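Quick notes on the structure that follows.
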Amino acid sequence: MAERATHRDRLRALEFEAFVAGAGGRLLHTATLLTGEPAQPPGAYARAEALLRVALARTYADWDRLRGGDPYDRARRELALRFAREARRHQRPRGGLLDRLTPIERLVLVLRMYEEVGEEQTAALLGLSADRIRAVCARAVATLRTAGPRRGAAGVGRGAGAAGAGLDAGPGQASAPGGRGTP
């Protein structure tokens with residue numbers, strides 16, 4: 001009996017490691033966008049890494065219950081909820097691409113434009129109405145448009161609708177439309 005439990009635990013750990021190897025880079029980039037930390041120099045995003053570590057720990061704790069579910073969605077949801085709870089810590093601009101935005105604007109814009117989460121799903125995730133999500137997203141885009149492109153800012157990536165938000169690939173990662181976990 002103990003051998004079965006040990007085998008299940010090893011299998012679970014291997015599955016989770018494969019998930020993290022595939023999706024970890026994209027999740028780290030999402031966390032970096034949320035915390036507003038600069039992606040350069042490497043290692044400068046300690047808060048993003050801590051946020052991701054907690055989200056992945058919660059995802060691993062629920063791994064057995066995720067059978068048939070999408071672990072990426074679970075990890076992303078944990079990231080968003082943890083960030084929303086700790087948003088007061090992330091208000092100070094850190095020189096990141098989205099440093100002009102408030103934490104809630106950053107969260108909504110990253111979920112909607114970078115992660116391509118639907119409006120209704122974002123509203124349900126954050127416990128807000130769809131109208132509120134629409135308004136926050138529009139305000140965030142307007143803020144980025146009025147501020148104009150910054151010197152040295154990267155070009156617009158997948159978030160082309162974000163008008164210069166620069167939501168392109170981050171720490172050593174290529175961004176592919178609709179792709180998850182691209183290394």
Side-chain angles (χ1 to χ4, degrees), residues 23 25-52 55 72-73 75-182:
R26 182 162 173 92
L27 288 167
L28 178 60
H29 186 64
T30 299
T32 302
L33 289 171
L34 289 173
T35 58
E37 293 176 307
Q40 302 292 332
Y45 34 86
R47 285 195 170 185
E49 289 173 343
L51 185 67
L52 179 59
Y72 185 86
D73 285 341
R76 181 181 57 211
R77 186 178 73 188
E78 281 298 327
L79 232 123
L81 292 175
R82 177 64 56 164
F83 175 78
R85 275 184 242 136
E86 298 175 359
R88 291 184 306 275
R89 295 181 188 171
H90 303 289
Q91 285 183 341
R92 197 172 71 241
R94 299 183 172 280
L97 297 172
L98 306 176
D99 63 348
R100 297 178 189 100
L101 305 177
T102 67
I104 190 68
E105 289 172 339
R106 225 177 304 142
L107 178 58
V108 169
L109 194 67
V110 167
L111 288 174
R112 294 281 295 125
M113 300 292 185
Y114 181 72
E115 286 292 326
E116 298 177 350
V117 177
E119 199 170 86
E120 296 293 326
Q121 189 179 358
T122 301
L125 176 68
L126 300 179
L128 300 170
S129 70
D131 289 338
R132 176 83 171 121
I133 294 298
R134 228 179 340 269
V136 169
C137 192
R139 186 173 62 230
V141 169
T143 299
L144 292 173
R145 278 187 182 148
T146 59
R150 290 189 339 203
R151 286 182 66 184
V156 177
R158 291 183 26 188
L167 298 178
D168 56 90
Q173 163 189 344
S175 177
R180 290 187 180 160
T182 52

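Values reported hereafter were calculated over all heavy atoms of this structure, with side chains retained and with hydrogens, waters and symmetry mates removed. Everything numeric here is computed off the predicted structure, so don't read it as measured data. Counting from 1, the numbers follow the sequence of the chain as shown.
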Minimum heavy-atom distance A123-A130, with the two atoms named: CB-N, 3.8 Å
Scanning both residues in full, the closest heavy-atom pair of A48 with T35 reads CB-OG1, 3.7 Å
So that I can tick it off, tell me whether E115 and R26 are bridged by a salt bridge, with the cut-off set at under 4.0 angstrom between side-chain N and carboxylate O. yes
V108 vs R132 side-chain heavy atoms within contact, under 4.5 Å: no
Which residue in the set L107, T102, L109 passes side-chain contact (heavy atoms from CB on, under 4.5 Å) when paired with E105? T102
Are any non-hydrogen side-chain atoms of L125 and V117 less than 4.5 angstrom apart? no
Spell out, as yes or no, whether a donor-acceptor pair under 3.5 Å connects the side chain of R106 to the backbone of L34. yes
Output the distance between atom CG (L81) and atom CZ (R76), rounded to the nearest 0.5 Å. 11.5 Å
Heavy atoms only: give me the nearest I133-R112 pair and the separation to one decimal. CG2-CD, 4.1 Å
Quick one: CG on L111 to CG on L126, what's the gap to the nearest 0.5 Å? 6.0 Å
Hey, could you give me the CZ/CG distance between R139 and L101, rounded to the nearest 0.5 Å? 9.5 Å
How close do P103 and F83 get, heavy atom to heavy atom, and via which atoms? O-CE2, 3.3 Å
From D73 CG over to Q121 CD, what is the distance, rounded to the nearest 0.5 angstrom? 6.0 Å
What heavy-atom pair brings A75 and A55 nearest, and what distance separates the two atoms? O-CB, 3.9 Å
Nearest 0.5 Å please: distance from the CD atom of E119 over to the CG atom of L128. 11.5 Å
If you measure from CZ on R77 to CZ on R82, what distance do you get to the nearest 0.5 Å? 12.5 Å
